[in-house]
**Q** 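The structure's right below; bear with me while I get my questions together.
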2 protein chains.
Amino acid sequence: MKRKTRQREIIKHVFQSEKRPLNPLEILSLAQGILTGLSLATVYRAIKELVEEEWLITVEVPGLSLYYEINHHHHHHHFYCYSCSKVYEVDGCVPVEALTPKGFLLESHEIILSGQCSSCMHG
Amino acid sequence: MKRKTRQREIIKHVFQSEKRPLNPLEILSLAQGILTGLSLATVYRAIKELVEEEWLITVEVPGLSLYYEINHHHHHHHFYCYSCSKVYEVDGCVPVEALTPKGFLLESHEIILSGQCSSCMHG
DNA sequence: CTTATATTGAAAATGCATTCTCAATAGCAA
DNA sequence: TTGCTATTGAGAATGCATTTTCAATATAAG
């Protein structure tokens with residue numbers, strides 16, 4: 001049966017405290033801050049399980065490797081910061097249906113804003 | 001000096017007749033329809049040059065390999081068809097600035113619609 | 001505490017898109 | 001046409017994210 005392990009708990013904890021989408025290497029370095037010696041393979045194994053149990057969902061940002069975020073079950077988009085390379089959740093949406101070409105069926109959409117996050121702008 | 005070759009001409013021709021973003025394998029198979037024996041390495045070499053001379057621009061669709069499209073110098077977005085996997089250009093835009101989080105600086109944005117294209121829906 | 005086995009770390013292996021190597025070929029200037 | 005060399009095709013090599021392997025370790029049931 002499935003066991004509760006320190007490494008998986010730490011990985012979940014990292015998502016809860018960062019409150020933003022993370023990629024495998026970000027997860028690794030944040031989690032290694034708590035548990036030195038954690039391996040990347042374990043991060044990947046944990047991600048896979050957490051996505052399967054729908055605790056995490058995948059975030060695909062064009063040109064970047066996969067990011068993952070806690071599954072909050074609400075529609076939102078993302079902001080990518082060119083300076084620190086972090087991805088943030090962005091609430092709200094805009095009426096993109098208007099863009100759908102005639103005869104096409106719109107099933108989903110993705111909006112990725114890019115620029116500088118507030119930490120990089122100010123602080 | 002730079003030489004005009006059959007393979008490069010054909011690759012440009014393929015973009016002009018398809019009128020949609022193409023990825024390296026699509027370019028290869030379309031171009032091989034005209035010149036059997038064209039190699040993938042040549043497709044990559046041509047893409048690289050055409051992007052350098054700004055005849056082509058890169059299109060990054062989340063989760064997919066790179067696509068390329070003729071540089072029309074106008075702002076637009078993309079539609080990805082789940083059925084045939086083709087990417088299409090979509091004209092127009094929507095006011096995404098409204099989504100920018102407080103304190104963040106918006107520099108660019110990307111909108112990717114997905115669903116079924118008209119060929120897959122009807123005919 | 002003991003035991004069965006799920007999980008881990010480390011490194012090797014995989015899958016893939018892309019680039020490089022190199023001998024053969026083909027533009028193009030003379 | 002000739003000769004120089006940019007370009008090509010084919011396959012090997014690279015770079016990368018991700019997965020697998022396997023012996024060592026740790027969880028949790030009894």
Side-chain angles (χ1 to χ4, degrees), chain A residues 1-15 21-69 78 80 85-87 112, chain B residues 1-15 21-69 78 80 85-87 112:
Chain A
M1 87 304 318
K2 178 150 189 200
R3 292 174 184 175
K4 170 177 283 200
T5 69
R6 194 147 135 62
Q7 10 291 87
R8 271 200 284 261
E9 292 306 299
I10 289 172
I11 288 168
K12 290 173 76 168
H13 171 78
V14 158
F15 275 102
L22 301 172
N23 66 30
L25 290 179
E26 287 177 330
I27 299 167
L28 180 69
S29 82
L30 288 165
Q32 280 182 334
I34 302 173
L35 178 62
T36 317
L38 176 72
S39 92
L40 184 55
T42 297
V43 169
Y44 275 105
R45 283 186 281 239
I47 288 171
K48 194 175 203 176
E49 290 174 3
L50 293 170
V51 168
E52 274 165 10
E53 56 193 59
E54 298 180 66
W55 191 88
L56 282 181
I57 57 174
T58 297
V59 178
E60 291 173 341
V61 182
L64 305 181
S65 68
L66 288 179
Y67 279 70
Y68 299 89
E69 69 185 11
H78 298 92
Y80 172 69
S85 301
K86 286 179 184 161
V87 174
I112 299 97
Chain B
M1 88 304 318
K2 180 150 189 198
R3 293 173 184 175
K4 171 177 283 200
T5 68
R6 194 146 134 62
Q7 9 292 87
R8 270 200 285 261
E9 292 306 299
I10 289 171
I11 288 169
K12 290 173 77 170
H13 171 76
V14 158
F15 275 102
L22 301 172
N23 66 29
L25 290 180
E26 286 177 330
I27 299 167
L28 180 69
S29 81
L30 288 166
Q32 280 182 335
I34 303 172
L35 178 62
T36 317
L38 177 71
S39 93
L40 185 55
T42 297
V43 169
Y44 274 106
R45 284 187 280 239
I47 288 171
K48 194 175 203 176
E49 291 175 2
L50 293 170
V51 168
E52 276 165 8
E53 57 193 58
E54 298 181 64
W55 192 86
L56 283 181
I57 57 175
T58 296
V59 178
E60 291 173 339
V61 182
L64 305 181
S65 68
L66 288 179
Y67 278 71
Y68 299 88
E69 67 185 12
H78 299 91
Y80 173 70
S85 301
K86 286 180 184 161
V87 174
I112 300 96

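All values below were derived from every heavy atom in this structure, side-chain atoms included, with hydrogens, water molecules and symmetry-related copies excluded. Proteins come first, then strands; the chains are lettered A, B, ... in the order of their sequence lines, and each starts at number 1.
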**Q** First locate atom CD1 of A:Ile47, then atom CG of A:Leu66, and finally report the distance between them rounded to the nearest 0.5 Å.
**A**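 These two atoms lie 8.5 Å from each other.
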
**Q** Report yes if the side chains of A:Thr42 and A:Tyr44 come closer than 4.5 Å at any heavy-atom pair, otherwise no.
**A**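 Sidechains of A:Tyr44 and A:Thr42: no contact.
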
**Q** Only distances under 3.5 Å count here; give the side-chain donor-acceptor pairs of residues 53-60 of chain B to other protein atoms, sequence neighbours excluded, each with its distance to 0.1 Å.
**A**
| from | atom 1 | to | atom 2 | distance (Å) |
| --- | --- | --- | --- | --- |
| B:Glu53 | OE1 | B:Lys2 | NZ | 3.0 |

**Q** For residues 24-32 of chain A, run the donor-acceptor check on the side chains, cut-off 3.5 Å, and write out each pair with its distance to 0.1 Å, sequence neighbours left out.
**A**
| from | atom 1 | to | atom 2 | distance (Å) |
| --- | --- | --- | --- | --- |
| A:Glu26 | OE1 | A:Asn23 | N | 3.0 |
| A:Gln32 | NE2 | A:Leu38 | O | 2.8 |

**Q** A:Leu64 CG to D:dA17 C1': how many Å, rounded?
**A** 13 Å

**Q** Within the 4.0 Å limit for protein heavy atoms, which parts of nucleotides 16-22 of chain C are touched? Write it as a string from 5' to 3', B for base, S for sugar-phosphate only, - for none.
**A** -SBBBB-

**Q** Using a 4.0 Å cut-off on heavy atoms, which residues in residues 1-15 of chain B reach DNA chain D? List them by number, or say none.
**A** B:Met1, B:Lys2, B:Arg3, B:Thr5, B:Gln7, B:Arg8

**Q** Is the shortest side-chain N/O distance from A:Ser39 to OP1 or OP2 of C:dA10 below 4.0 Å?
**A**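 Checking C:dA10 against A:Ser39, no side-chain N or O comes under 4.0 Å of OP1 or OP2.
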
**Q** Using whole Å, report how far CD1 of A:Ile47 lies from P of D:dT20.
**A**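 After rounding, the gap between these two atoms is 14 Å.
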
**Q** Name all pairs fulfilling the salt bridge (Lys or Arg N to Asp or Glu O under 4.0 Å) condition that reach into residues 6-15 of chain A, sequence neighbours left out, sorted by first residue then second.
**A**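 Residue pairs with at least one partner in residues 6-15 of chain A: A:Arg8-A:Glu49.
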
**Q** Measure the shortest side-chain to side-chain distance between A:Val61 and B:Pro62 over non-hydrogen atoms and say whether it is less than 4.5 angstrom.
**A** no

**Q** Determine whether B:Leu22 and B:Tyr68 make a side-chain contact, defined as any pair of heavy atoms from C-beta on separated by less than 4.5 Å.
**A** no

**Q** Can you sort out the partners of B:Ser85 under side chain to side chain contact (heavy atoms under 4.5 Å, CB included), two or more places apart, ordered by chain and number?
**A**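 So B:Ser85 forms a side chain to side chain contact (heavy atoms under 4.5 Å, CB included) with B:Tyr80.
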
